[in-house]
K.L.:
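Would you mind keeping the following structure in view while I ask a few things?
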Amino acid sequence: MEEDPKLKFIANSIQVVKESFSSDISEMRYMLKEVVGHVMALGSQNGTPVAATPQPHQTTEVYGGHAMEPPTLCHKPASVELGRFHGVNPESWVFQADYFELYGITEDHKLILASFYLDGDALEWYRWLFRNKQLFNWEHFTEKLLVRF
């Protein structure tokens with residue numbers, strides 16, 4: 001029994017469309033992974049954590065004829081803010097200032113950043129230390145802060 005030519009034409013057309021869609025979707029996946037890779041690279045330049053190596057459960061996939069590792073996405077750390085210090089309860093303020101570690105603030109930047117969170121007597125005291133070249137490093141500053149307040 002011979003197949004109806006119209007049905008055969010329709011079946012072939014459907015197959016061509018399916019293959020075309022499959023190819024297009026593969027190409028879009030490849031382009032999306034490239035975009036995600038570029039965004040992740042930009043994020044790592046701005047301090048956003050990015051995993052450098054693929055996780056063991058990931059496999060290389062082929063998109064549009066190109067082999068690519070699936071990107072590893074990392075979440076951005078929660079926003080943490082250091083409270084203002086007015087000269088009261090210095091132990092708590094120094095403890096909270098450990099948020100510098102979370103954001104990877106270097107030792108030479110901690111003193112400068114901390115100065116933006118000082119008010120009143122604490123700010124005047126810091127300015128005196130700065131003018132008189134009494135600031136050496138973060139550890140020295142926190143020791144002086146705990147003695148003074």
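In what follows, residues are counted from 1 in the order of the sequence shown.
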K.L.:
List in chain and number order the residues that pass side chain to side chain contact (heavy atoms under 4.5 Å, CB included) with Asn132, two or more places apart in sequence or in another chain; answer none if no residue qualifies.
P.N.:
Trp128, Gln134
K.L.:
To the nearest 0.5 Å, how far apart are CG in Leu111 and OH in Tyr126?
P.N.:
5.0 Å
K.L.:
Not counting sequence neighbours, which residues clear side-chain hydrogen bond (donor to acceptor under 3.5 Å, both in side chains) with His109? List them please.
P.N.:
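Checked His109 against side-chain hydrogen bond (donor to acceptor under 3.5 Å, both in side chains); matches are Thr106.
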K.L.:
Please list all pairs meeting salt bridge (charged side-chain N to carboxylate O under 4.0 Å, His left out) that have one or both residues in residues 127-149, counting only residues at least two apart or in different chains.
P.N.:
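Matches after skipping sequence neighbours: Glu124-Arg127.
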K.L.:
Counting only heavy atoms from other residues, nucleotides and ligands, does the tally under 6.0 Å from CZ of Phe95 exceed 12?
P.N.:
no
K.L.:
When rounded to the nearest 0.5 angstrom, what is the spacing between CG in Leu145 and CH2 in Trp138?
P.N.:
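Between atom CG of Leu145 and atom CH2 of Trp138 there are 8.0 Å.
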K.L.:
Using distance only, find each side-chain donor-acceptor pair of residues 112-121 under 3.5 Å and give its atom names and separation, not counting sequence neighbours.
P.N.:
| from | atom 1 | to | atom 2 | distance (Å) |
| --- | --- | --- | --- | --- |
| Ser115 | OG | Ile112 | O | 2.5 |
| Tyr117 | OH | Tyr99 | OH | 3.4 |
| Asp119 | OD1 | Arg84 | NH2 | 2.8 |
| Asp119 | OD2 | Arg84 | NE | 2.7 |

K.L.:
Grouping I, L, V, M, F, W and Y whenever their side-chain heavy atoms are under 4.5 Å apart, do Phe136 and Val94 come out in a common cluster?
P.N.:
no
K.L.:
Among pairs that include at least one residue of residues 88-98, which meet salt bridge (charged side-chain N to carboxylate O under 4.0 Å, His left out), considering only residues two or more places apart or in two chains?
P.N.:
none
K.L.:
Scan the side chains in residues 7-17 for donor-acceptor partners under 3.5 Å anywhere in the protein, sequence neighbours excluded, and list what turns up.
P.N.:
| from | atom 1 | to | atom 2 | distance (Å) |
| --- | --- | --- | --- | --- |
| Asn12 | ND2 | Lys8 | O | 3.4 |
| Ser13 | OG | Phe9 | O | 2.9 |
| Gln15 | NE2 | Glu19 | OE2 | 3.0 |

K.L.:
On a heavy-atom basis, which atom in Ala122 and which in Gly87 lie closest, and how many Å separate them?
P.N.:
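Closest heavy-atom pair between Ala122 and Gly87: CB-N, 4.1 Å.
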K.L.:
Go through the structure and list residues passing ring-ring contact (aromatic ring centres under 6.0 Å, His included) with Phe149, not counting sequence neighbours.
P.N.:
Phe85, Trp125
K.L.:
Applying ring-ring contact (aromatic ring centres under 6.0 Å, His included), can you list everything that pairs with Phe130, at least two apart in sequence or on another chain?
P.N.:
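Residues passing ring-ring contact (aromatic ring centres under 6.0 Å, His included) with Phe130: none at all.
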K.L.:
Under the side-chain hydrogen bond (donor to acceptor under 3.5 Å, both in side chains) rule, collect the residues that match up with Glu107, sequence neighbours excluded.
P.N.:
Lys110
